[in-house]
Every structure is written in C-alpha cells, then in structure tokens.
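Notes to accompany the following structure.
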Amino acid sequence: MVSIYKPWIIILKHSVFALLFVMQITCLECFSQKRNQMSNRGDRISSLPDELLCQILSNLPTKNAVTTSILSTRWTSIWLSTPVLDIDIDAFDDATTLVSFASRFLEFSKDSCLHKFKLSVERDDVDMCTIMPWIQDAVNRRIQHLEVDCRFSFHFEAVYLTLYLSETLVSLRLHFVTLHRYEFVSLPNLKVMHLEENIYYCLETLENFISSCPVLEDLTVVRIVDIITEKILRVCSRSLNSLKLVLDSSNGWFIDDIDEWKVIIDAPRLAYLSLKDDQSASFVISNLGSSAKADIKVSFNVNDIWDLPVTFERSNVGKLLTGLSSIRDLTISGTTLKIICPYLKHEPMPQFCNMVRLNARFYDCDLEMLPYVLESCPNLKSLVLGLLSSAETEQQSRLSSVPPCFLSSLEFVEIRSRLCRKRYVMKVARYFAKNSVMLKKFVYVGRASIQEEDLLALLWRSSICEIEVRGLRR
C-alpha cells in the first residue's frame with residue numbers, strides 16, 4: 001500500500017510547494033505594483049499650494065519642520081514660510097549657529113505675519129541682547145502667540161515698549177522674565193496670559209498688564225520674585241473667566257517679611273478660581289458669580305496649622321469664606337479646613353446658598369465640625385469627603401445635628417480615606433445613613449478593611465440609596 005501511494009504523496013507535496021511559490025510571487029507582484037502606485041503619487045503632497053504646506057508644517061516643532069527641506073528642491077524653503085517659529089536654544093551647539101538659523105528665518109519673509117513665536121532658554125551663556133530684537137521683530141510682524149521661557153536665568157528683560165502695546169497678541173506666556181514698568185499698557189486682544197516666576201520691579205506692572213487687557217479670559221500667575229515693597233496683589237478684571245494663583249514657597253521665594261501679603265480679587269465674570277497660596281495672610285474676593293467654581297488651598301501664612309499663633313487674625317478666615325459664599329462648586333484642602341475649624345468655634349460660617357457640590361478634606365480630629373460646615377450649604381446635592389488621619393490624641397467627635405440638606409437635597413456622598421481609622425470612617429458613614437433622606441448613592445473609596453457588607457449592615461434612612469465600595473488607585 002505504501003509503495004502504491006508514495007508517488008502520489010510526493011507529487012501532492014511538490015504541488016503544495018509549487019502553489020505556495022506561485023502565491024508568494026503573486027504577492028510580491030502586487031506589492032511591487034502598489035509600491036509603484038505609491039511612488040507615482042508621492043509628489044501629490046508636494047503639489048499642494050504653499051499656503052497649505054506651511055499650515056501643515058506649522059503644526060510641527062521648527063526643528064522637525066526644518067528636516068523636510070531635504071525631501072526635494074520643492075521643500076527646500078517651505079519651512080521658512082511657516083508662520084510659527086519654535087526655538088529651543090539648548091538644541092544648538094553654539095551661538096553662531098543659533099543666530100544664523102533665527103536670522104535666516106526672520107529675514108526670509110519679514111513682511112509676512114508671524115502667528116506664534118516660542119523661545120526656550122535653559123542655559124546662561126547666551127547673549128540676550130541678540131535675542132531681544134527677535135521679540136521686537138515678532139511683535140512688529142503682528143504675532144498672536146508669544147512664549148518666552150528663560151528657565152535658568154532672568155537675563156531676558158521685556159524692555160521693548162512694543163510688547164506692552166501689541167494690538168494682535170492673543171496669548172502670552174512669560175517664564176523667568178524681568179518685566180519693567182510702563183505708564184501706558186494696551187493689549188486689546190489678549191485673552192490668555194500665563195506669568196510664571198517673573199521679576200516685577202513693582203506690582204503696578206502686573207496690575208497694569210491685567211487691567212489693560214479688556215478681553216482677558218484666562219490668567220495664571222505663578223510665584224512672584226520678592227523684590228517688591230508693597231505686597232498687595234490686585235486682580236481686577238471685568239472679562240476674566242479663569243484665574244489661577246500659585247503663590248507658594250516651593251522654590252524658595254517669599255522668604256523674608258512675608259506677613260504683609262494680601263490678595264484682592266474683583267472679577268465678576270469669573271467661572272473658575274484656583275488659589276494655592278501659603279504666603280498670603282489675607283484674601284478679599286468680591287463679586288464672584290453664582291455659577292463659579294473654586295479650588296482653594298491656602299494657609300493664611302501660618303507656619304504650623306496644628307498650633308495657630310496667638311496673633312492669628314481670625315477675621316481673615318471670615319473674609320475668605322464671605323468672598324466664596326456665592327459660588328456653586330467648592331474644592332477645599334485639608335490644610336485650609338484645619339485652620340477654618342477653630343474659627344467656626346467662635347464665629348458662624350456664612351451661608352453658601354448656591355453651593356451644590358462640595359469636595360472637602362477633613363482631619364479626623366475635626367470631624368465634629370462637619371455638621372457646622374454642611375449646615376451652611378442648605379442646597380448641597382453632592383459631597384466628596386476626604387478623611388485624613390491626624391497625629392493628635394484621639395477624642396470623641398460627636399456628629400449629632402442634622403443639616404437641612406440631609407432632608408431636602410443631598411443625593412450623592414463619597415467618602416475617601418487612605419489611612420484614617422476604620423471606626424472614624426464607619427462613624428461618618430453611620431451619620432449619613434441615619435440622617436440622609438434623599439440620598440441616592442453612597443460611595444466609599446479606601447482601604448479593604450471596610451467592605452460593602454459593613455455599609456449594608458447600617459440602617460439607611462433612604463430606601464433608594466445605592467452602596468458602592470472601591471479601592472484607592474495608587
């Protein structure tokens with residue numbers, strides 16, 4: 001039997017190999033045809049109008065756009081016509097190459113508008129006198145977006161008056177820049193301004209910047225180098241929509257004579273306010289809208305939140321709370337609440353009648369103040385409560401009073417805890433379970449020591465409340 005079928009097996013085997021060989025040849029021919037078709041189409045991009053090619057290249061960093069010049073003679077000078085110049089000085093081996101590169105770009109089409117100019121400097125061996133005229137040229141070419149980042153030095157000084165009088169600037173970001181004072185500043189189209197770790201010879205410079213931008217919508221101020229005698233930061237704007245102030249000492253600023261700092265904010269159209277400040281002692285906020293959202297992490301210039309000095313001005317806490325009392329959404333840090341809680345033992349908390357969302361972090365030793373905070377939010381619908389563990393001696397925290405929102409509006413509660421003791425977490429959960437009539441969902445996010453069964457075992461006053469337990473993400 002084997003001798004009869006063996007030839008057929010061999011023939012069949014060779015037939016299979018032949019078929020595979022034919023299939024491979026066919027695939028190679030198809031690939032070759034497609035490659036030729038792609039090659040014939042290769043210049044279709046190059047045949048696009050210059051304006052469109054420039055628009056494509058403007059979405060790339062300048063150093064990447066330059067590399068397209070080797071594609072063909074068609075592409076040799078296209079990058080020079082892009083309306084975007086992005087220079088990272090540290091990418092150049094020497095100053096001669098840098099100057100040659102930038103000069104060639106700026107001279108090639110000096111009559112055209114420049115959409116964006118970004119300049120990054122992370123070394124101090126660059127002659128800024130060479131670079132500053134480039135900024136002047138960019139402003140003269142009706143630039144819309146300007147970014148200057150001198151990370152390792154304050155060598156760049158914005159001395160040209162044209163920068164303060166630009167009619168076309170839409171966004172401005174300055175980092176480690178020295179700003180001079182001018183009596184007249186006009187930036188009629190500036191909408192976004194980010195000022196990070198700059199030197200101001202007087203705060204009037206910053207105030208003039210802000211007040212001279214009639215359509216400013218987004219303002220960020222990160223740390224002010226302390227060479228200023230008058231320590232009052234004023235932000236007054238009728239157009240501002242978003243304000244972020246970061247006035248902390250993480251980089252060593254504000255070391256001496258810092259107790260005089262004061263922040264004054266008057267921005268009636270503000271929709272978002274973020275304060276991260278461990279230097280200012282006083283905050284006066286006026287005219288916040290009823291739909292505003294705030295993220296607050298301030299320490300009122302207190303060095304030790306666990307031991308408030310006798311000279312601490314409690315009235316500063318009241319000023320901040322009053323300024324925020326009209327907002328709709330509040331996130332407040334454990335540091336800030338730790339200072340507020342002693343205040344609440346002496347003074348009533350203003351009513352937050354518009355508040356519907358609250359994200360607050362409480363230390364376990366201050367839990368007895370939780371009802372006082374919630375009583376000031378009669379229309380609260382959503383509460384995210386972070387529980388923090390303290391090193392203070394354990395004490396009984398009574399949660400007895402029932403805030404009005406428990407009976408009328410509170411629908412969602414989330415408790416987040418990483419290290420807080422289980423009995424404190426369960427005490428808080430029991431407080432909400434016993435008193436919340438309208439609660440629709442209760443979420444616990446934290447350690448595995450608390451299970452869903454522990455929460456389900458509580459007597460929930462709301463018959464429609466859904467219980468959920470999740471672990472904390474690392």
Heavy-atom closest pair (P371 atom, S401 atom, distance to 0.1 Å) is CB-OG, 3.2 Å

pair V148-L172: side-chain heavy atoms closer than 4.5 Å: no

Between F432 and W460, does the ring-ring contact (aromatic ring centres under 6.0 Å, His included) criterion hold? Intermediate values first, please. CA-CA 8 Å; F432 285 101; W460 293 86; 8.8 Å; no

Quick one: are I210 and M193 in side-chain contact, heavy atoms under 4.5 Å? yes

Is it the case that the side chain of S239 and the backbone of P214 share a donor-acceptor pair, with hydrogens and angles ignored and the cut-off at 3.5 Å? yes

What do the steps show when you test L195 against T220 for side-chain contact (heavy atoms from CB on, under 4.5 Å), and what is the final call? CA-CA 6 Å; L195 305 173; T220 298; over 6 Å; no

Is the shortest heavy-atom distance from the side chain of V246 to the side chain of D277 under 4.5 Å? no

So, do L165 and F184 sit near enough that their side-chain heavy atoms are less than 4.5 Å apart? yes

Kindly say whether V356 contributes a backbone atom to a donor-acceptor pair with the side chain of N379 at under 3.5 angstrom? no

Salt bridge flag under 4.0 Å for residues R269 and E217: no

Does atom CD of E347 have more than 12 heavy-atom neighbours from other groups under 6.0 Å away? yes

If the plane angle is over 60° it's perpendicular, under 30° parallel, otherwise tilted; pick one for F406 and Y431. tilted

Residues in side-chain contact (heavy atoms from CB on, under 4.5 Å) with V469, at least two apart? Y444, E452, L455

If you count every heavy atom of other residues, nucleotides or ligands that lies below 6.0 Å from R173 atom CZ, does the total exceed 12? yes

Determine, for R238 against D266, whether the closest basic-nitrogen to carboxylate-oxygen distance falls under 4.0 angstrom. yes

Assign the ring pair F300 / F283 to parallel, tilted or perpendicular, where the plane angle (0 to 90°) is split at 30° and 60°. perpendicular

Would you sort out whether K440 and E466 count as a salt bridge (charged side-chain N to carboxylate O under 4.0 Å, His left out), showing the intermediate values? CA-CA 6 Å; K440 295 181 179 179; E466 176 187 351; over 6 Å; no

Could you check if a side-chain atom of I265 sits within less than 4.5 angstrom of a side-chain atom of L273, using non-hydrogen atoms only? yes

From K262 NZ over to N316 CG, what is the distance, rounded to the nearest 0.5 angstrom? 8.5 Å

Ring centres under 6.0 angstrom apart (Y164, F209): yes

Counting N and O atoms only, with roles assigned by atom type, does the side chain of S166 sit under 3.5 Å from a partner on the main chain of L187, one being a donor and the other an acceptor? no

Determine whether more than 12 heavy atoms belonging to other residues, nucleotides or ligands lie under 6.0 Å from atom CG of L459. no

Applying side-chain contact (heavy atoms from CB on, under 4.5 Å) to L383 and F412, what does each step give before you reach the verdict? CA-CA 6 Å; L383 172 65; F412 175 83; over 6 Å; no

May I ask you to test the L275-K297 pair for a side-chain heavy-atom distance under 4.5 Å? no

Got a salt bridge between E411 and K381, using NZ or NE/NH1/NH2 to carboxylate O under 4.0 Å? no

Please name all residues satisfying side chain to side chain donor-acceptor pair (under 3.5 Å) with T322, sequence neighbours left out, ordered by chain then number. none

Identify whether the distance between the nearest side-chain nitrogen and carboxylate oxygen of D218 and K191 falls below 4.0 Å. no

Judged by atom type as modelled, is there a donor-acceptor pair below 3.5 Å linking the side chain of S212 to the main-chain atoms of V185? yes

Please confirm whether the backbone N or O of L439 pairs with a side-chain atom of S436, one donor and one acceptor, at under 3.5 Å? no

Given ring-ring contact (aromatic ring centres under 6.0 Å, His included), test F312 with Y343 step by step and report yes or no. CA-CA 11 Å; F312 177 68; Y343 168 84; 9.0 Å; no

Would you mind reporting whether L247 and V263 have side-chain heavy atoms less than 4.5 Å apart? yes

